[in-house]
Each structure stands twice: as C-alpha cells, then as structure tokens.
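Worksheet for the structure shown next.
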Amino acid sequence: MPMEQGKQLEKVYAPSSVEKRIYRRWLDGNYFHAAADKSKKPFTIVIPPPNITGRLHVGHAVDNTLQDVLVRWKRMQGYAALWMPGTDHASIATEAKIVEALKLEGTSKAEIGREKFLERAWAWRELYGGKILEQLKRLGCSCDWERERFTMDAGLSEAVAEVFVRLYGEGLIYKGERIINWCPRCGTSISDIEVEYNERDGCFWHIKYPVVPAGGAAGGALAGATTGAAGGVAAAGAAPGAAGSAGTGATTWAAGGGDFITVATTRPETMLGDTAVAVNPADPRYAGYIGRTVMLPLAGREIPIIADEYVDSEFGTGAVKITPAHDPNDFEVGLRHGLPRLRVMDDRAAMNENAGAYSGLDRYEARRRIVADLDAAGLLAKTEPRAHSVGECSRCHETIEPIMSTQWFVKMKPLAGPAIDAVRQGRTRFVPDRFSKIYFNWMENIQDWCISRQLWWGHRIPAYYCDACGEIAVARQKPEKCPKCGAAALRQDEDTLDTWFSSALWPFSTMGWPKRTPEMEYFYPTDVLVTGYDIIFFWVARMIFSAVKHTGDVPFRHVYMHGLVRDAQGRKMSKSLGNGVDPLDVIERCGADALRFALTIGNAPGNDLRLSDEKIESARNFANKLWNAARFVLMNLGGGEQAGGESGDGEGDGGGMAGGGSPLADAQSAGEGGDGAPQLTMADRWILSDYNRLVKEATEHLDRFELGMALQKIYDFIWDEFCDWYIELAKPRLLGGDAGQRGAARRVLRGVLKGCAQLLHPFMPFITEEIYTALGESAGPGGATDGARGGAVNGAADSSASGGGAPGEVFAASVMVSAWPQYDEALEAKADTDKMRFVMSVIKSIRNRRSEMNVHPGKKASAVFVTDSREQADALSEGRAFIERLASVSSFAIEGERARAASDSAVALVVDGAEIFIPFGELVDVQKEAERLKKELDRLDREIARAGGRLANEGFTSKAPASVIEDERAKLAGYEAMRAKVADNLGRLG
RNA sequence: GGGUGCUUAGCUCAGCUGGGAGAGCACAUGCCUUACAAGCAUGGGGUCGCAAGUUCGAGCCUUGCAGUGCCCACCA
C-alpha cells in the first residue's frame, strides 16, 4: 500500500518539466544517430531544410511532426532510420535581412562591398541559423544531429558546382537574353514560380497611334506629326504646360486628316519601348494597314504595323502595341519579326535614358504623366477601369516587371521527360496520388528555369569571363588562366544561383554526392519526402529531375504531402492577420506531445487542417488522461507487495518468448506460472485481443501513410477501451481478489499500457517515454536498464533482444529503441471477447435504465438475469463483479425461469436475448415504462420489417455474399426473439 | 480558360477495396464513484449538397447541376 517512493507521478501531467529532461536522455543515449548497418534495412528521410531566417511556425510543426512519426516508427521496427537534418541558406530571404540590418546602421550593400557583406551574412548565419533546429528539438524531432548539413557547406557547394558544370557541358544550362521577372525591390530576377498573380484594379488605356500616311502625301504630315509628338515629349518632361504642346501635335494630325490605330494597354509607360504594332493577319479591319507604320506618340519614333497570329482580334481593339523588351509575348513576336528591343526601364523600375523626357521617373509616375500627356494630346481614346492580374514578387510583394535581361537558364524539356517517367512508372509515388497529376501537368508544360540571381548571398555562378578574348569558362574551380587565350585575368560571374538550385540536390548532396560515400550507397535513395503541397513545383519536382539526371535514381520513393494549417475560421495563417498559432507557445503551455497530437489526429493525407484552441486543449486532455491511467497502473503495481504477488521478474525473464515484449508474455506467464495459479479473466483476454487488433490496424494505417487514422485508433483504444473499461474492470480484482487475480490484472495492465506507450510513442514521444520508463522501473531491477544499453547505436536493445530470445518483460533503455509491437495470433480470443462484450452491453443497458429513471448512482439494485444461453450464463457469472460494480447492482441472480423473476420486477431489459429484471419498486412509473416498451416495440417492428424485406428480396438472397445474408438472418431472428420478450413484458405491466 | 479538391450532427472533421452513419468540441441530465472534474455515466441531434444512373444494395461508383476553395495559364 505505500507508494513507490519517488515514482509517484504528478496528478496533472506537466510536460515542461518532463520534455527537456527526456530529450537530453535521448541525446545522451545517441538514439538519433543512424549508421550504415548491413544487418538492418535503411529508412531515410531528409528534412525539408528550413530557412536560416526562419522561426518555427506551425507549418514546420506539422511537417516535422509527420516526419518524426515516420522515422520513430521505422526505428522501432528495427530499421536503420536516418532523419537527415539541415538548413537552407535561403539566398533572397537572408540577403533581405542583412540588407535591412545594414539600413538600420545607416549603410548599405553597395557601401560595404561584397566581401564585407558576405562576412556579415555568415556571421548572421552563425548566430541565428541554428535557431530553428533548436526549436525542432523542442518539438521532439529525432534527427541525426551529428549529420546536420547546410546548403552552403563546402560539400554541398561542391555538388552545386558539379551539377552546374555538368549541365553546362551538356548544353542544359545556357546564358541568354530573355524576358525575366524582375523584382525592383529585391533588385534581382526571379523565376516564374516565384511570381504570384493577383487580381488588381487597374485601367485599360486605349491609345491612338497616328498612322503615317502612305505614299508621297505622307511627307508633310509626317514632319508635322514628328514635330508635334516630339514637342509633346519635350514639354512633358519640362513643365505642366506640356499638355498644350502635345495638343498642338494632335491637332496637327486631326487637321491633317490622318487616321489612327488604337491599341489598348494596362501598362502605358511601356509604350516608350514599343517597336511595332501588331494585328491579326486575318482581321479585315486592319488589312490595309499591314506593312505601313505608325508614329509612336510621345516618343516620335516611326514603328511598323505587323501581322501576327498571336493577336486575338476579339480582344481589346484587335491591335497590340509590341514592346519586346518588356513583355514575354512581345519578345516572341519581336523575335519572329526581327524587331528591335528597346528597354525603357532600369533595375529599379524607373524609366531609363531611352524614355526621353520621362527618363528618371518612377514607373508609376511615368505612367501618370504619359496618360495625362496622351490625354492632352487627344490621343487617349478611352480609359476603361479593369481588374487584371498583376504579377507580384512572392517574397516582398512588389509588382514585378517583366524585363529583358541576360541571365542563366536551365533548359527544362530534356530534364522533364525522365522525371515524368520516374513518377509514371511509380518509382516515386505521391501520397495521396492526386498530387501526381499536378506534378505531371506542370512538368509537361514546363518553361526554362531562370537560375541566376543578382544577389550576393548564395552559390556564385561558376562561370569565368576572359576580358581579353571574351571566352566564358565554366569550371568547378576558378581556372588559373583563360583556357582559350591564356590571359591570366579571369573574372567570375557576379551573380548567384537561385536558392532552389541547391535545394534541388538536397537528398543526395547531403549524402556526400558527387563522392561515392557509404551514405550514398546505403541511405540513398531516400524513402519518404514529407512536405506541403505548396512546394511541389519549387522543390519536389526539381529534386526529382535533378536526382534522376545526376544520380540515375529517384530521390525518394514516396512523397507524403500534407496540407496547410489554417486557423479556426479556415483562414490561412499569416503574420499580417496575426492569427498564427505559435508552436513554441503551445509547447510551453500544453507540451510538444499535445501539439503533435493536435496536428496529426484524424487528418487525411494532403488535406488542410484547422488548428483551434479547442483542438489543442483536447490533445492536452488526452495526454493527461494517459498520464493518469499510467499513474493508476503504477500505483497498483505497487511497491514491496508487488514482488511477491507476481512471483518476480525471474519468471518473466525466463518465460514467454512470444513476440518480444508482447503483453501476452507478461500476462500469460502470470496466468500459468505463478503461485496461486491465477487465470486470465475474460476481461483480460478481451483487452489483450482488442489491443492485438489495434497493433495490426495501427501498423497497417502507418504502412499506408494514414497517420491521422492510426493515431485515431490508438486514441480510441486508450481512452474508450483501456481507460473507460479495462481499468474499471480491473479495479475489483486489484482491490479485492486474491494475490493471483491481482497479479494477472497487474500484468495485463502493465503489458497493455506498455504496448500503448509504444504504439503512441511516434506521435507523442515524451509522455510515452516517461511512462514506459516508469513501467520499466516498476518491473524491478532486471527491467529498465536506463543508459546501460544506451550505447547501442540506433538501438534496439529490445529489437536485438527479440531476435535472440526476448524475455517477456524486457524493457529497452528507451521506448524509442524498443521493438514495435507485433500482431500476435495467440492473443486472439474470440469467445472471451464475445462474452466480455455481452457483459459490457448488460452494464450499459442497466446504466441506461438507471440514468433514464434518475436512479442515484449510490442506490444499489438487485437484478435477476434470465437466459437460455449457456455462454451468456457463464459470462454473467464470470462477470458478476463487473456488473455489480459498474452497474451498481447489489444482489445478483441468474435464473432459468423468467416467470418467477419477472413477477415483482417492473423493469425488464433485453440484451442479446437475455433478460434482466430489476425491481426498482417505487421508482418505477408504470405509465412511462409502458411507453418506453411501446417505443421499443415500434423500433423492433421496423427492424424486423427491414431485415425481413431484405431477405424476401430474391435479388438480395441470390446475389449477395453468403456471409451478408447469414448476418441478416441472424439479425432478424434476434429481433424477433427480442420482440416477443418485450411484448410479453409490456403485457405484464398491464 | 484549363486543372484539381471540397460539400456528412450546431461547429471542426474522419469514414479503408460499395453490405445497417462516427469522433472531438458544443448541448441536455446525473455524478467529486480515491487514476484523471483537463474527469465519469447517460442522452438528444444527420433526407451524407441536389438530380438522374449502375447495383440485390450507394456517404462511397458514373453523369449532370449548384455552391465553395485551391493551383495553373502569355488575355495585351
């Protein structure tokens, strides 16, 4: 009866005091480390490397929780489970932080120069870069920390250079002048997928371009127009009075009787870079204009009218201004027609020297002035308000500017093909499968990838220019001299690579590629990539084509996708809304286990999930529930009394080999071995049997990546079956009972709880470790060997033990290196399970009656059971103590004759054909009881009609499977028997 | 314009290859029954978006429709 000193658990689970200590122990035990081990199968996950600028947000929390679940589970299954951690240099995000810091100090990139800037960045990385990994530790992540990688580590940088050089050598990387997305705020090009398109209110300006008159007559008018337009430009730049001059020009045109082609644009400032106007060749309206020219207003340049299929006659005015240097389509048109490409903006998106009078103006200011000037000149035909999609920088949300620029590109088509095949052949599978369609759709329509960035923080492009001869040398190391002309002065390309270029190599660069390392041999390809569906394009697809290209294999066999975390209202969590749940805050308040639980429970793969306070609270409640169940079990395993009662551990150690740590081994050895020869009761066999089924189901769900479902099942079992039923069923034996019965109950309690701790461990690692360890200690000196076997790399004190004669009660040094529970056929106990279920139904039924009749729980009642079934009679007598305790029944009789039992009992219940008579005497309202029975009769009639109708249907009886028909017949018979009894009881009420 | 999800209890969501609808929260009633009031017991609550079809049988399969979300796309 005295508690184990020091092993008494707190009444309320206090995660914060437990988690740090436990994590420390795992580290000390070296359990996270995985090494190539020929005796085991590998299981590998590489972490999606968080940005060094990052702070753990709830998105990371889900992503890493799922990974940790998988890796802990596989580790327990005996795999050499490697979870490779690391961080991403995040070139643009990090650079922005440094720039910001410099600004606060009153200096800038330009001022301190590249070298100093990089020093700053590295220092910053040293200081903050590991923060997020520390936060992952608080979440419980079991990464192999000694393998931590960073995308700018020497080895990984080597991989980057290697890939660049190889692709360049094959012509799959090229340098060229294209329209790229330019972010004026970040001051760099970005790739297509880094642009977000949003609907914005804007205008569609219809602008009249004066057509230069054909033939000789044109001369005078042209001159006039030129003067007028030129005057407009000059004036516009000079003063508000500009409008007048421009107007003069237009007037000249009107007076000259010239006509116009009207174009429409949402970006009028780009007109200064127009080098043509295009119409559809089939458009009759413009047939006569093709081949002629227009005078570009405000610029005073004469540009051709061309015909191109690209133009949609239905859209706008059917005539398009062509600005090859500022629009991707126009660029293509320009190529087809050999048009000049005139850039009119600089890298800050201000108008450049080619913009004449508008030079130096910001693009929006220029837009305003140009519109005003056109209007004043009478050349603005119409201003149409219009919502259109505007590309914005996904990082800073500045409106991007499509600008012609010389950049480096990866030629995608040749890389995409094999990557598509890899998924089509199922070498990499998306979970759920529907994401493969998204992948295909993107890969099949892929554009070349702009990989150069005008940033300093990142992998510098390994291209070297010879100013003497113009040669470009691409090499792993900077060449001593120009390979062509031998000049010594080579200049490296100033640009760096897209941060995703290095992330794309992550699954193999972290393993040491391009070297042929043991890790590459053993752990690669990886097994699962866990990530959100929002980065399929950015990362997943790029890893696949990179890996297929460079390693000849897929980077991972499965891609397990999860959704986004939303708030209670279903909104995306964002900084600006301030609706984000801070995972660290949740960990602080409710524990990492509760957070992990809330993020995992009941979620289907690929679906978004909502995280609310209520959900977190119920997760915390579950942890507490489990905690208290463990308290109960530990209290009852007791101190000194225990050893005698259980005939010690020697018996356990020598005993069952069944399934290494199976509760059966514990329980049966108690049942058959010990003094007093205690037997397992039907309650024990029932819970063991259900536990066993849980093991099977949970494992199957995990195998199918249905983590949410696996956890749901474990949760249901622990709460509804183990806590609410089994513990209650065990109490009578623990409190009363002889030593043998007590021993059996204890063994089962401990065995099942231990198994639950193991099954739950991947999801809730801390609390399960605490419980498992406490159980191990309670098993006595031979049990837990905390630390003693900690040296076993990636463990498996337990699993190795199971290979060589596992004692039933072996506890591993840590639950995380214990062997994952196995389904064990010997635990199936159908007869006992049926009996127990029957008793439970009886208990429920009596409780129900009592509750409906408002019978105080303290008031005991006597009950008489009548049944024809031998099994039921056995169950009732075996379950007597359960029924008495859990249904508040005092005296108890099982009779064969219902007439006598029924005589003075107003309340009659029918459960599975057995009848229960309870004399509640004065409590019974005969009227109400009769009504209840009538309702019951109605219900049974409906059921009988349904089942009867179904069985009468020949289609059903001839085509449905036999088992289904059999079930239906049994149901019908049951209902009919029940109806007879209910009808009889109703009749008796008079 | 394409593609792709979703629509199940008041709310948030599960529901595996088609065989009588589930959980959490909320709600109602009664319980401090010595593991847990962050709890226990009992209960109410659903024409599974609508309509056709396939099937002996449909929440699940097919088609259409209606709402709603997301992704992609070069509508100037």
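Remember, it's a predicted structure, so these values are computed and weren't measured experimentally. Reckoned from all heavy atoms, side chains included, excluding hydrogens, waters and symmetry mates. The sequence lines fix the lettering, A, B, ..., with proteins before strands; numbering per chain opens at 1.
Counting any heavy atom pair closer than 4.0 Å across all strands shown, A:Arg950 reaches a base atom. Among the protein residues, A:Glu943 comes within range of the nucleic acid bases, having at least one heavy atom under 4.0 Å from a base atom. Residue contacts shown for A:Asn624 include a base, since a base heavy atom lies under 4.0 Å away. Among the protein residues, A:Lys625 comes within range of the nucleic acid bases, having at least one heavy atom under 4.0 Å from a base atom. Across all strands shown, A:Tyr310 has heavy atoms under 4.0 Å from base atoms, whether or not it also approaches the sugar-phosphate. Here A:Gly316 lies out of heavy-atom contact (under 4.0 Å) with every strand. In this structure, A:Phe435 reaches neither bases nor backbone, as no heavy-atom distance under 4.0 Å exists between it and the strands shown. Here A:Leu564 lies out of heavy-atom contact (under 4.0 Å) with every strand. Across all strands shown, A:Phe538 has no heavy atoms under 4.0 Å from either base or sugar-phosphate atoms. Counting any heavy atom pair closer than 4.0 Å across all strands shown, A:Lys971 reaches a base atom. Within 4.0 Å (heavy atoms only), A:Trp719 reaches sugar-phosphate atoms of the nucleic acid but no base atom. At the heavy-atom level, A:Glu728 lies under 4.0 Å from base atoms of the strands shown. In this structure, A:Asp724 reaches the sugar-phosphate backbone alone: every heavy-atom distance under 4.0 Å involves primed, P, OP1 or OP2 atoms, never a base. When heavy atoms are screened at a 4.0 angstrom cut-off, A:Asn607 is found touching the sugar-phosphate backbone but no base atom.
Here the nucleotide nearest the side chain of A:Lys11, chosen from B:rC31, B:rA76, B:rA37, is B:rA37. Listed nucleotides B:rG30, B:rU42, B:rC36 differ in distance to A:Pro857; the shortest reach to its side chain belongs to B:rG30. Candidate nucleotides B:rG24, B:rA38, B:rA76 were compared by shortest atom distance to the side chain of A:Val12, and B:rA38 ranks first. Closest approach to the A:Asn848 side chain among B:rG43, B:rU4, B:rC36 is made by B:rG43 (side chain taken as heavy atoms from C-beta onward). Ranking B:rC36, B:rA76, B:rU42 by closeness to the A:Asn628 side chain, first place goes to B:rC36. Of the candidates B:rC74, B:rA76, B:rC36, the closest approach to any side-chain atom of A:Thr265 belongs to B:rA76. Comparing B:rC56, B:rC71, B:rU42 against the side chain of A:Phe537 picks out B:rC71 as the nearest. Comparing atom distances between the A:Pro961 side chain and each of B:rU42, B:rU29, B:rG19 picks out B:rG19 as nearest.
Look at the P atom in both B:rC75 and B:rU7: the space between them is 31 Å, to the nearest Å. Between the C1' atoms of B:rU29 and B:rG15, the separation comes to 30 Å (whole Å). B:rU68 and B:rC56: their C1' atoms are spaced 36 Å apart (whole Å). Comparing the C1' positions of B:rG45 and B:rC6 gives a spacing of 24 Å, expressed to the nearest Å. B:rG24 and B:rG43 have their P atoms separated by 14 Å, with the value rounded to a whole Å. A distance of about 34 Å separates the C1' atoms of B:rC27 and B:rA51, rounded to the whole Å. Comparing the C1' positions of B:rU34 and B:rG46 gives an interatomic distance of 40 Å, to the nearest angstrom. Comparing the C1' positions of B:rC50 and B:rA58 gives an interatomic distance of 16 Å, to the nearest angstrom.
A:Glu706 places its CD atom 19 Å from the P atom of B:rC13, with the value rounded to the nearest Å. The CD atom of A:Glu384 sits 17 Å away from the P atom of B:rC75 (whole-angstrom rounding). Here B:rC72 presents its P atom at 17 Å from OH of A:Tyr439, a figure rounded to the nearest Å. What separates CZ of A:Arg178 from P of B:rC74 is a distance of 16 Å, to the nearest Å. A straight line from CG of A:Leu634 to C1' of B:rA35 spans 10 Å, rounded to a whole angstrom. Going from atom NE2 of A:His856 over to atom C1' of B:rC40 covers 13 Å, rounded to whole Å. The separation between A:Asp308 atom CG and B:rA76 atom C1' is 12 Å, rounded to whole Å. Look at CH2 on A:Trp627: it is 17 Å from P on B:rG39, rounded to the nearest Å.
Close to B:rG5, at under 4.0 Å from its OP1 or OP2, lies a side-chain N or O of A:Lys437. Proximity of A:Arg610 to the phosphate of B:rC13: a side-chain N or O atom is located under 4.0 Å from OP1 or OP2. In this model, the phosphate group of B:rG39 is approached by a side-chain N or O of A:Asn621 to a distance below 4.0 Å at OP1 or OP2. The side chain of A:Lys713 places no N or O atom within less than 4.0 Å of a non-bridging phosphate oxygen (OP1 or OP2) of B:rA14. Within the structure, every side-chain polar atom (N or O) of A:Arg386 is placed at least 4.0 Å from both OP1 and OP2 of B:rC75.
Both distances falling under 3.5 Å, in either a Watson-Crick or a G-U wobble arrangement, place B:rC25 opposite B:rG10. With a cut-off of 3.5 Å on both Watson-Crick or G-U wobble distances, the partner of B:rU47 is given as none. In this structure, B:rU17 makes no Watson-Crick or G-U wobble pair, since no nucleotide meets both defining distances under 3.5 angstrom. Using Watson-Crick or G-U wobble geometry with both donor-acceptor distances under 3.5 Å, B:rG53 finds its partner in B:rC61. Base pairing analysis places B:rG39 opposite B:rC31; the two distances defining the Watson-Crick or G-U wobble pair are each below 3.5 Å.
For the residue pair A:Ser963 / A:Glu966, no side-chain donor-acceptor distance below 3.5 Å is found, with atom types taken as modelled. Counting only N and O atoms by type, the side chains of A:Asn628 and A:Arg631 include a donor and acceptor under 3.5 Å apart. In this model, a donor atom of one side chain and an acceptor atom of the other lie less than 3.5 Å apart for A:Asn181 and A:Asp192. Looking at A:His388 and A:Glu199, their side chains never bring a donor and an acceptor atom within 3.5 Å of each other. Judged purely by distance below 3.5 Å, without hydrogens or angles, the side chains of A:Glu392 and A:Asn198 pair a donor atom with an acceptor atom.
Between the base of B:rA38 and the side chain of A:Arg620 there is a donor-acceptor pair shorter than 3.5 Å.
The nearest heavy atom of RNA chain B to A:Tyr197 and to A:Tyr13 marks one nucleotide each, and the one closer to the 5' end goes with A:Tyr13. Residues A:Ser618 and A:Ser389 both approach RNA chain B. Their nearest nucleotides, taken by heavy-atom distance, put A:Ser618 toward the 5′ side.
Aromatic rings from A:Tyr715 and A:Phe597 are positioned such that their centres are separated by under 6.0 Å. If you look at A:His206 and A:Phe204, their ring centroids are closer than 6.0 Å.
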Can you list the steps and then say if A:Ile965 with A:Arg950 is a side chain to side chain contact (heavy atoms under 4.5 Å, CB included)?
CA-CA 9 Å; A:Ile965 297 170; A:Arg950 216 171 164 187; over 6 Å; no
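Around NZ of A:Lys860, the count of heavy atoms belonging to other residues, nucleotides or ligands within 6.0 Å exceeds 12. Heavy atoms of other residues, nucleotides or ligands lying less than 6.0 angstrom from CD of A:Glu954 number 12 at most.
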